[in-house]
Structure formats: C-alpha cells, structure tokens
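Once you've had a glance at the structure underneath, I'll fire off some questions.
Numbering of ligands and ligand atoms starts at 1, following listing order. Quick caveat: nothing in here was measured; it's all calculated off a predicted structure. Side-chain atoms are counted along with the backbone in the values below, which use heavy atoms only and exclude waters and symmetry mates.
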Amino acid sequence: MTDRVLVLNAGSSSLKYRLFDGTDPVTHGLVERIGEPGGDAADHAAALRAVLSGLDLSGLAAVGHRVVHGGAEFTAPTVVDDAVCAAVRRLIPLAPLHNPANLAGIEVARELLPDVPQVAVFDTAFHATMPEAVASYAIDVEVARRWRIRRYGFHGTSHAYVSRRTALLLGRPPAEINVISLHLGNGASACAVRGGRSVATSMGMSPLPGLVMGTRSGDIDPAVVFHLHRVGGLSVDEIDDLLNHEGGLRGLTGENDMRAILRRRKAGDRAAALAFDVYVTRVKEYVGGYLALLGRLNAISFTAGVGENSPAVRAAALDGLTGLGIAVDPDRNARGESVISPPHSPVTVCVVHTDEELEIAEQARQALR
Ligand code: AMP
C-alpha cells in the first residue's frame, strides 16, 4: 500500500474525512459539533487526533484538503507550505464562514502528520479559466481591484469531476465537448464547460448568487439590500441571514429540503408549487444563457442531491426546450438512468453521481506528480 490519500473537509464545527486506496474508498466518517457542549471533540486538533488514531495510515501518500476560497491566487491544487497557509489566511475576508475552518484542518494535519505532503484543493480553482468578460462585475475598477471583487465561482471540484464523467458517458475526450453541469444540492450552481474548462458559472464572489438553493436566495436585485436596510430598518447582519440562511426554498416555503417541497406540491400546497416553479425556472434561465455562451452544446449533466434524485426537477427544468435540441425521455428520467435524453438527441442529458472527495484525492495525487 503506497497510494493512500486521506481527504479532509473541515467545516466550522465538523470534520469530514475519507481515506482512499487508489480510487477505492477504504473508510470515511464525520466528527460533529466540534467545540460545542456535548460535541464529539473540543477543537479541530482533538477531532483529527481521534480520526487518525482509528485509521491505518501505512503508505499514506498525501492528505487532500478541501479549501473553499482560493481567490485569484490559486488556480490548481497546491502543495501546502507556510506561504500557502498565509495566503489562505489572507483570503478569509472573502470566505469568512469557510476558510478559517479549512485552514484549521490544514494546520492541525501538518502538525500531526509532519512527514506527509498536504495538498489544498480549492473550490474556486476550476473556474480560473473563466474569461475576464465573465469574471468581471461592472463596477468601479479601482474599487473592484482593491477589495478583490469579481466572480470566482465555487463547486469547482464537483463541476470538474462531473464534466469529465460526462465525457466518459459520451465516449469522447473532454477537450472535444461542451457541457452544462448543474450541481443541484443544498447549495446549487450551474457551470458552462468548454473543452474541459470552465467558461462561466452561476456563483460569484461568494456562493450566494445564481440558482435558488436550500437556504440561499440565489440571484437577487442588490438594491433589495439597500431597501431592507434603509426602509425596512434591518441591519446588514440581519439581511445577510435573510439571504444566506433564511432564503431560497426555505424562504419560499419554510423548508429547505426539496423532498418536502415535492411532497407538499403533490398534495396541492401553493407555496410549494411556487417554490418548485421559481427553482426550475432559474435553472432554465442559466441553461439558456450558457447554451448561448457556448454556442454549441453536447451535454447537460444533473448532479448532487436534487439533480441526482428528482426526475420532476430534471423534467421541469428542461421542459419546452426541444427547439434547442434538448429533451428528456420520461421513462429513462423516471428510472434515473445515466442518460435520460431520447436516442439520437442533439444534446445528451445525463445524470451523474458527483464525488468531490474522490476528485480531491485525484487532484492531490496530481499535485504531487
Ligand atoms: P447535497 O447537498 O448534494 O447533499 O443535496 C442535499 C439535498 O438534496 C437535500 O437537502 C434534498 O433537498 C435533496 N434531495 C435528496 N434526496 C432527494 C430526492 N430523492 N428527491 C429530491 N431531492 C432530494
């Protein structure tokens, strides 16, 4: 055993891990409520110590860390040293909820496994290939530069993996095909992939804009923020909470789980029916926009909790697009087959199971080569 990679995904109060032997998952687990009374561990160091003590780490080639924000600096998986840690720390203002925890995971792992290379794999990196015209916001260029305001995009690990799997399904090299990847989970984003490279994505400087999510609003007129503050008297923190934690499906229905919304919609609940319609309409807007950006489209792939499991969402999101060469076969869709478009469709519609941990393990190995 010489090709083991441990993948760590450190959240603010949790530590997810998965150990791979080559591409085979050996074991995985989750430490929860870190630092909370009655939680599994007092801090990230204690959590990782507990995890490591239970694992056979012989032949460990690397530890791969999920890091949410890599800013403009990190465009590829990166072997961690002091300078990388400092750079991830400097990016904290851009991802205040995620980067501190990701960094804690890295620092603890460096301390406990000093002889094993640590590799940071960034959610933003896959989108580094977006053209400036897509990445730039139309605001004062000096303000944007000073505060590093631009579109970065997230879910890059998933979009990279899914677009490659899609190429496999089509039996063609990634470099030859154009794909729209739809990651519809609790967080959700769309990505236009040309020849294996991201050319547009729906999240922005933060993971808030774009598609409707479990608790995030997705796209909204920024003037809503001024209005709620000046006229509604809400504080900036209250508005942040409203859009990030109380928005999306939860804002529209009180629940963030698509399964509950589908059940309520079936039972005739109007709020749930509207939430469903808002959700699929937003997906369709991005599909249309990205079709135009790409000019030529080979495949659309659905992935993550909603995308992999909801025939109703897949069918509604692509309904009425036959004129654009996009169609869903109802039987294949209901069975959740990996290809759900009718035979000989100009655009192949796929359902792909995403595996971000496996992709992180692969990228960690790649960074060491
Ligand atoms: P993820 O973030 O990829 O784990 O996706 C989680 C979300 O997927 C959940 O919050 C649910 O809304 C959704 N989900 C999971 N299973 C189903 C299902 N069978 N049908 C519809 N949505 C589902």
Side-chain angles (χ1 to χ4, degrees), residues 7 9-18 25 28-30 32 66 68 97-98 123 126 153-163 165-166 181-191 201-203 206-208 210-218 244-267 269 271-283 301-319 328 330 332-338 340 349-360:
V7 174
N9 183 351
S12 55
S13 68
S14 68
L15 178 70
K16 252 194 266 178
Y17 66 92
R18 203 150 138 209
H28 66 275
L30 170 67
E32 283 183 294
R66 176 185 184 223
V68 165
L97 295 180
H98 296 102
D123 265 21
F126 183 59
F154 300 87
H155 286 148
T157 312
S158 177
H159 290 304
Y161 179 82
V162 167
S163 56
R165 298 294 300 184
T166 303
S181 167
L182 299 170
H183 180 111
L184 310 180
N186 199 25
S189 69
C191 181
T201 193
S202 58
M203 285 177 170
S206 81
L208 179 57
L211 304 179
V212 176
M213 310 182 210
T215 67
R216 278 172 254 164
S217 62
N244 270 304
H245 307 301
E246 301 297 331
L249 295 175
R250 175 178 289 166
L252 289 165
T253 68
E255 302 192 73
N256 67 312
D257 193 315
M258 182 58 89
R259 283 166 291 202
I261 308 228
L262 293 169
R263 271 196 303 274
R264 280 170 55 180
R265 174 173 174 261
K266 234 183 190 159
D269 181 307
L274 176 63
F276 179 87
D277 290 345
V278 174
Y279 187 99
V280 297
T281 300
R282 187 74 51 81
V283 174
S301 281
F302 287 92
T303 194
V306 178
E308 292 172 33
N309 296 302
S310 177
V313 167
R314 294 191 297 253
L318 301 184
D319 183 41
V328 169
R332 290 179 165 189
N333 186 33
R335 288 195 294 268
E337 291 181 11
S338 51
I340 59 170
V349 182
C350 307
V351 179
V352 174
H353 173 59
T354 192
D355 194 336
E356 290 171 274
E357 282 92 9
L358 177 60
E359 177 70 15
I360 290 172

For this session: Tell me which protein heavy atom sits closest to atom 13 (C) of ligand 1, plus the residue, atom name and distance to 0.1 Å.
Result: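 Of every protein heavy atom, Val306 CG2, 3.6 Å lies nearest to atom 13 (C) of ligand 1.
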For this session: Could you list the atoms of ligand 1 found under 4.0 angstrom from a heavy atom of Ala304?
Result: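 Close to Ala304: 3 (O).
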Exercise. Heavy-atom count around His245 NE2 within 6.0 Å, excluding the residue itself: above 12?
Worked result: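 More than 12 within 6.0 Å, yes.
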Exercise. Would you say the side-chain atoms of Arg314 pair up with the backbone N or O of Asn333, donor to acceptor, closer than 3.5 Å?
Worked result: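 Checking the backbone N and O of Asn333 against the side chain of Arg314, a donor-acceptor pair under 3.5 Å is found.
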Problem set entry | Spatial distance of atom CD1 (Ile360) from atom OG (Ser158) [nearest 0.5 Å] |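 Rounded to the nearest 0.5 Å, the CD1-OG separation comes out at 10.5 Å.
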For this session: Using distance alone, decide if ligand 1 has a nitrogen or oxygen within less than 3.5 Å of any nitrogen or oxygen in Gly185.
Result: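 No; every N/O pair is 3.5 Å or more apart.
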Exercise. Is it true that atom CZ of Arg18 has more than 12 heavy atoms of other residues, nucleotides or ligands lying nearer than 6.0 Å?
Worked result: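 It does: Arg18 CZ has more than 12 such atoms within range.
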Exercise. Are any of the N or O atoms of Gly187 closer than 3.5 Å to those of ligand 1?
Worked result: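 By distance alone, the answer is no.
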For this session: Please name the pair of heavy atoms, one in Met203 and one in Ala188, separated by the smallest distance, quoted to 0.1 Å.
Result: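 Shortest heavy-atom contact: CE-O, 3.4 Å.
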For this session: Output yes when the distance from some N or O of ligand 1 to some N or O of Asp257 is under 3.5 Å, and no in every other case.
Result: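 In this structure, Asp257 places an N or O atom under 3.5 Å from an N or O of ligand 1.
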Exercise. Atom 8 (O) of ligand 1: protein heavy atom closer than 4.0 Å?
Worked result: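 Protein heavy atom within 4.0 Å of atom 8 (O) of ligand 1: present.
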Exercise. Closest non-hydrogen protein atom to atom 2 (O) of ligand 1, residue and atom name please, with distance?
Worked result: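 Result for atom 2 (O) of ligand 1: Asn186 N, 2.9 Å.
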Exercise. Numbering the atoms of ligand 1 from 1, which are under 4.0 Å from a heavy atom of Leu262?
Worked result: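 That gives atoms 21 (C) of ligand 1.
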Problem set entry | Straight-line distance of Thr157 OG1 to Asn9 CG, nearest 0.5 Å |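 Between Thr157 OG1 and Asn9 CG, I get 9.5 Å after rounding to 0.5 Å.
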For this session: Indicate yes or no for a side-chain donor-acceptor contact from Arg264 to the backbone of Thr253 under 3.5 Å, with no hydrogens or angles considered.
Result: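 Checking the backbone N and O of Thr253 against the side chain of Arg264, a donor-acceptor pair under 3.5 Å is found.
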Exercise. Using the ring of each side chain (for Trp, its six-membered ring), is His155 parallel, tilted or perpendicular to His183, with breaks at 30° and 60°?
Worked result: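 Parallel.
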Problem set entry | Distance from atom 15 (C) of ligand 1 to nearest protein heavy atom, with residue and atom |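 It is Arg259 CZ, 3.6 Å.
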Exercise. Backbone or side chain, does any N or O of Ser310 fall under 3.5 Å from an N or O of ligand 1?
Worked result: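 Between Ser310 and ligand 1 (N or O atoms, distance only) the closest approach is not under 3.5 Å.
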Exercise. Tell me: protein heavy atom nearest atom 3 (O) of ligand 1, and distance?
Worked result: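 Of every protein heavy atom, Gly305 N, 2.9 Å lies nearest to atom 3 (O) of ligand 1.
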Exercise. Who's the nearest protein heavy-atom neighbour of atom 19 (N) of ligand 1, and how far?
Worked result: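 Its nearest protein heavy-atom neighbour is Asn309 CB, 3.3 Å.
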For this session: Give, for atom CZ of Phe154 and atom NE2 of His159, the distance between the pair rounded to the nearest 0.5 Å.
Result: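 So the gap between those two atoms works out to 11.5 Å.
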Exercise. Counting from 1, what ligand 1 atoms have a heavy atom of Met258 closer than 4.0 Å?
Worked result: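 Once the distances to Met258 are compared, the set is 11 (C), 12 (O), 22 (N).
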